[in-house]
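Computed from a predicted structure; not experimentally measured.
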Amino acid sequence: MTLRFKRLLRACALGLALAAPAASQAAWPEKPITLIVPWAAGGSTDILARVLSEGLTQSLGQSVIVENRSGASGNIGTTFVARAKPDGYTLLVGSMSTHTMNQALYSSMPFDGVKDFTPIAELALVTNTMVVHPSVPAANLKEFIAYLKAHPDTVTYASAGQGSTNHLSAALFEKAAGVKMTHIPYRGGAPAVMDTVAGRTQVLFSAGTQTLPHVQSGKLKLLAVTEEARSPLLPDVPTVAETLPGYELSVWYGAFGPAGMPPELTARLNREINLILKRPDVIKKMADMGVLLTETTPEQFGQILARDADKYGKLIKELGITAE
């Protein structure tokens, strides 16, 4: 065997070795993909995940199966994805609570919301509303703050549990307004909403997906939204910040994979997801629920994730909130 021929064989072998990962990557997906939702079926996160599931199944040519793994404030399902192989076959629809809040709320966590995940795309912003029972004698936020100051510790607010976004929204409001209310935590958002509708609690900060139908029926009064700017979905509703400058709390949903996913695979998923989120039927379906769809690159979403983990981690510690 000549030296030239040996070199040719080595070059061919090297070429095959370099081509193998690309060929393997190009073949993805070769089997069904599991999309984990870390909460029970029926909520806005679950509905959004099923919209993605349907769209990705069509565009990728493989089944994308939604699996609900609820419990521990979203930690059970989220942990499952954090420990999965970063091969694109196990993905997550998570939220700012699982990835930016839980780390500060629990003394012991099975995952790091930033380091243990590959951010794929921010999916949506949920219009976060501040509502009161109609018995509360206030037509707007200024009147409500005046009422609270005149009746300290007599008004109760509901939440989906200790350390939930409802709880954090209300605690931040108390601090900004210089008022004090009594916190009534429930085991989930549905009973918190229903008891506020029934008047057993007077105030609730919650996603419009849960509150707006009751606002429309006259069973709750909508005072404000908690985002920095007015929602395009509710342009006539003021923000809390218009009365209390600096107040802001935005609730987002995002798509994640385990840490270490190949950049090419992450970029492809990002493109496919953003195409689904641009469909007029999807935009309308989610807008009717008070959900505003967004579009980001993986890098942009990673920046949002890191920023909010730092922001809400510091805020939770400052307010002394725990989930235990």
Side-chain angles (χ1 to χ4, degrees), residues 95-97 99-105 125-133 135-186 189 192-193 196 201-208 210-212 215 220-252 290 292 304 307-323:
S95 77
M96 55 88 74
S97 63
H99 286 74
T100 72
M101 291 174 55
N102 284 2
Q103 200 76 29
L105 291 168
L125 292 171
V126 185
T127 304
N128 195 43
T129 62
M130 179 184 183
V131 296
V132 296
H133 187 264
S135 63
V136 173
N140 54 54
L141 194 54
K142 287 183 179 179
E143 290 182 6
F144 181 57
I145 293 172
Y147 178 77
L148 288 173
K149 290 183 176 180
H151 302 82
D153 293 315
T154 61
V155 174
T156 59
Y157 71 89
S159 82
Q162 189 78 10
S164 62
T165 53
N166 322 109
H167 184 191
L168 181 59
S169 298
L172 182 59
F173 168 76
E174 288 180 299
K175 181 176 183 292
V179 297
K180 184 64 178 174
M181 301 182 290
T182 300
H183 179 207
I184 308 295
Y186 290 81
V193 173
T196 307
T201 52
Q202 288 78 53
V203 189
L204 177 66
F205 290 78
S206 188
Q210 295 182 308
T211 62
L212 291 179
V215 171
L220 292 174
K221 287 194 294 187
L222 177 58
L223 296 186
V225 296
T226 70
E227 289 78 30
E228 183 178 16
R230 293 194 181 197
S231 169
L233 304 178
L234 298 169
D236 296 329
V237 179
T239 65
V240 175
E242 289 175 42
T243 301
L244 300 172
Y247 181 101
E248 185 269 334
L249 193 143
S250 299
V251 180
W252 49 256
L292 182 67
I304 292 169
R307 177 202 69 195
D308 283 359
D310 179 67
K311 172 184 175 179
Y312 292 120
K314 290 178 178 177
L315 180 61
I316 287 166
K317 297 296 184 185
E318 180 184 340
L319 295 174
I321 298 174
T322 70

Without hydrogens or angle criteria, can the side chains of T226 and S169 be said to hold a donor-acceptor pair below 3.5 Å? no
Are T182 and T156 linked by a side-chain donor-acceptor pair shorter than 3.5 Å? no
Does the [X] side chain pair with the main chain of [Y], one donor and one acceptor, at a distance under 3.5 Å?
X: T127; Y: G290; value: yes
X: Q202; Y: V136; value: no
X: K311; Y: T100; value: no
X: S95; Y: W252; value: no

Counting heavy atoms not belonging to K142, are there more than 12 under 6.0 Å from its NZ?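 Result for NZ/K142: open.
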In terms of heavy-atom contacts, does CD of E228 have more than 12 from other residues, nucleotides or ligands at under 6.0 Å?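 Not more than 12 within 6.0 Å, no.
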Does the pair V131 and V193 meet the rule for a side-chain contact (heavy atoms from CB on, under 4.5 Å), with working shown? CA-CA 10 Å; V131 296; V193 173; over 6 Å; no
Minimum side-chain heavy-atom gap [X]-[Y] below 4.5 Å:
X: V155; Y: Y157; answer: no
X: V225; Y: T239; answer: yes
X: F173; Y: V203; answer: no
X: L249; Y: Y312; answer: yes
X: L212; Y: L234; answer: yes
X: N128; Y: E227; answer: yes
X: L222; Y: T211; answer: no

Quick check for you: to the nearest 0.5 Å, what is the distance between I304 atom CD1 and R307 atom CZ?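 One finds 5.5 Å between CD1 of I304 and CZ of R307.
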Shortest non-hydrogen contact between [X] and [Y], atoms and distance:
X: Y247; Y: A241; answer: O-CB, 3.3 Å
X: T165; Y: S97; answer: CG2-CB, 4.1 Å
X: G189; Y: A160; answer: N-CB, 3.5 Å
X: M130; Y: V240; answer: SD-CG2, 4.5 Å
X: A158; Y: Y186; answer: CB-CE1, 3.6 Å

Residues which pass salt bridge (charged side-chain N to carboxylate O under 4.0 Å, His left out) with K314, listed by chain and number, not counting sequence neighbours: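 Checked K314 against salt bridge (charged side-chain N to carboxylate O under 4.0 Å, His left out); matches are D310.
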Would you check, one step at a time, whether the test side-chain contact (heavy atoms from CB on, under 4.5 Å) holds for L244 with I145? CA-CA 10 Å; L244 300 172; I145 293 172; 4.0 Å; yes
Mind checking what makes side-chain contact (heavy atoms from CB on, under 4.5 Å) contact with V126, not counting sequence neighbours?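 Scan of V126 (side-chain contact (heavy atoms from CB on, under 4.5 Å), adjacent residues dropped) gives A207, V251, Y253.
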